[in-house]
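Some notes on the structure that comes next.
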Number of protein chains: 2
Amino acid sequence: MTTQLMKIGELTERAGVSSRTVHYYENLGLISPVQRDGPKHRLYEPEVLQRLQKIAALKKLGLSLEDIAGVIDLYFQSDAAPLSGKIKVIEILKGQLENVDKQIDELSAFRSDLIKNISHMERLYGEALMQKS
Amino acid sequence: MTTQLMKIGELTERAGVSSRTVHYYENLGLISPVQRDGPKHRLYEPEVLQRLQKIAALKKLGLSLEDIAGVIDLYFQSDAAPLSGKIKVIEILKGQLENVDKQIDELSAFRSDLIKNISHMERLYGEALMQKS
DNA sequence: CCCAAATCTACAGTTGACGTAAAATGAATA
DNA sequence: TATTCATTTTACGTCAACTGTAGATTTGGG
């Protein structure tokens with residue numbers, strides 16, 4: 001069982017964030033390296049990369065880092081977690097699903113607005129060309 | 001022609017933003033009151049309300065206020081604008097359309113991820129209940 | 001063993017997006 | 001017209017989320 005650990009350099013390159021940010025997130029409790037009694041340089045499990053990606057996604061949802069700190073673990077909970085915990089997870093995930101749906105609706109509305117604007121502009125564009133001749 | 005001007009109080013209430021925000025936006029050049037040589041209190045045309053709403057929408061798209069400053073005028077250009085301007089507007093609007101589509105895609109991906117997580121959790125929930133009996 | 005590259009710690013600085021408190025204004029009322 | 005009192009204005013303060021950086025430490029390779 002070779003749990004493929006990586007140093008912060010590889011992690012940041014793969015996740016597309018700076019090492020400063022990684023330290024910052026560690027400080028907020030969003031991620032953490034493996035226990036390091038011996039080595040002074042941090043080592044990370046591959047799961048941390050997943051976590052960073054999930055954090056980015058949740059940020060795009062509009063969650064603050066503090067909010068994220070409150071839910072990030074839900075996504076990486078072991079299947080052996082206590083039943084009460086699982087029930088709560090389901091609640092929260094469903095809440096997030098609602099939010100996502102709402103945001104998709106909003107974006108769709110904005111999208112059709114855009115399309116309306118574009119075709120309006122293109123109509124004007126056409127008229128202007130007509131007058132030129 | 002009674003151009004129905006409003007004071008900042010009405011504007012903020014209708015737009016759902018604070019007066020501080022309105023002043024801040026004015027400072028960034030996002031909006032502006034009518035010329036006030038005499039009165040010290042700002043007066044706004046109804047169009048400013050539209051602008052504030054558009055700003056809110058663009059913010060939800062993830063644009064910074066600075067980004068927005070670069071495009072907001074495109075939405076409120078007179079139909080009599082020069083042809084070259086209109087062409088540029090169309091370009092930019094189409095660029096935004098691409099962004100919106102990308103974001104919708106991302107959200108959709110996040111959404112199905114969520115659903116997968118939820119059903120996974122519900123499966124575990126079920127199993128846990130089975131073992132309880 | 002030695003060196004260059006990577007990492008660590010700690011503290012300060014920045015940026016975006018506002019909040020707040022006190023002074024100034026102006027519309028209604030006495 | 002004088003007063004009053006809600007609105008507005010202005011200037012300074014705040015908070016989150018980074019980001020810079022400088023000097024000390026660690027590490028892997030020759």
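Below, read A as the first sequence line, B as the second, and so on, with proteins coming before strands; counting in each chain starts at 1.
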Would you please name every residue forming a side-chain hydrogen bond (donor to acceptor under 3.5 Å, both in side chains) with A:S108, sequence neighbours left out? none
Could you list the donor-acceptor pairs under 3.5 angstrom formed by side chains in residues 75-91 of chain B, with sequence neighbours left out?
unit_1 : atom_1 : unit_2 : atom_2 : d
B:Y75  : OH     : B:Q96  : OE1    : 2.8
B:S78  : OG     : B:A80  : N      : 2.8
B:K86  : NZ     : B:D79  : O      : 3.4

Just how far, in rounded Å, is C1' of D:dT8 from CD of B:E13? 15 Å
Do A:E45 and A:Q4 touch side chain to side chain, with heavy atoms closer than 4.5 Å? no
Atom pairs under 3.5 Å, N or O on each side, protein against nucleotides 20-22 of chain D: can you list them with distances?
unit_1 : atom_1 : unit_2 : atom_2 : d
D:dG20 : O6     : A:R20  : NE     : 2.4
D:dG20 : O6     : A:R20  : NH2    : 2.8

So, does A:T21 get its side chain near the phosphate of D:dT19, meaning an N or O under 4.0 Å from OP1 or OP2? yes
Considering residues at least two apart in sequence or located in another chain, which fulfil the side chain to side chain contact (heavy atoms under 4.5 Å, CB included) criterion with A:H41? none
Sequence-distant partners of A:E13, side-chain hydrogen bond (donor to acceptor under 3.5 Å, both in side chains), two or more places apart: none
Name all residues meeting the side-chain hydrogen bond (donor to acceptor under 3.5 Å, both in side chains) criterion together with A:N99; count only those two or more places apart in sequence or in a different chain, and write none if there are none. none
Please list, one pair per line, the donor and acceptor atoms closer than 3.5 Å that link side chains of residues 56-67 of chain B to other protein atoms, with sequence neighbours excluded.
unit_1 : atom_1 : unit_2 : atom_2 : d
B:K60  : NZ     : A:E106 : OE1    : 2.9
B:K60  : NZ     : A:E106 : OE2    : 3.1
B:S64  : OG     : B:E66  : N      : 3.4
B:S64  : OG     : B:D67  : N      : 3.1
B:S64  : OG     : B:D67  : OD2    : 3.3
B:D67  : OD2    : B:S64  : N      : 3.3

Return the set of residues passing side chain to side chain contact (heavy atoms under 4.5 Å, CB included) with A:L49 (not counting sequence neighbours), or none when no residue passes. A:M6, A:L11, A:R14, A:A15, A:Q53
When you compare the protein's N or O atoms with those of nucleotides 1-8 of chain C, which come within less than 3.5 Å of each other, and at what distance?
unit_1 : atom_1 : unit_2 : atom_2 : d
C:dT7  : OP1    : A:G9   : N      : 2.8
C:dC8  : OP1    : A:R42  : N      : 2.5
C:dC8  : OP1    : A:R42  : NH1    : 3.3
C:dC8  : OP2    : A:H23  : NE2    : 3.1
C:dC8  : O5'    : A:R42  : NH1    : 3.3

When A:I115, A:D113, A:L114 are each screened for side-chain contact (heavy atoms from CB on, under 4.5 Å) with A:R111, the one that passes is A:I115
Please list, by residue number, the residues of residues 49-69 of chain A whose heavy atoms come closer than 4.0 Å to an atom of DNA chain D; answer none if no residue qualifies. A:K59, A:S64, A:L65
Results of salt bridge (charged side-chain N to carboxylate O under 4.0 Å, His left out) for B:R51 - residues two or more places apart only: B:E47, B:D73
Got a sec, which residues hit salt bridge (charged side-chain N to carboxylate O under 4.0 Å, His left out) with A:R20, two or more places apart in sequence or on another chain? none
Figure out the CG/C1' separation between B:N27 and D:dC12, and round it to whole Å. 14 Å
Under-4.0 Å side-chain N/O to phosphate OP1/OP2 contact, B:Y25 with C:dC18: yes
Figure out the CE/P separation between B:M6 and D:dT7, and round it to whole Å. 17 Å
Whole Å only: how far is the OH atom of A:Y24 from the C1' atom of C:dG13? 14 Å
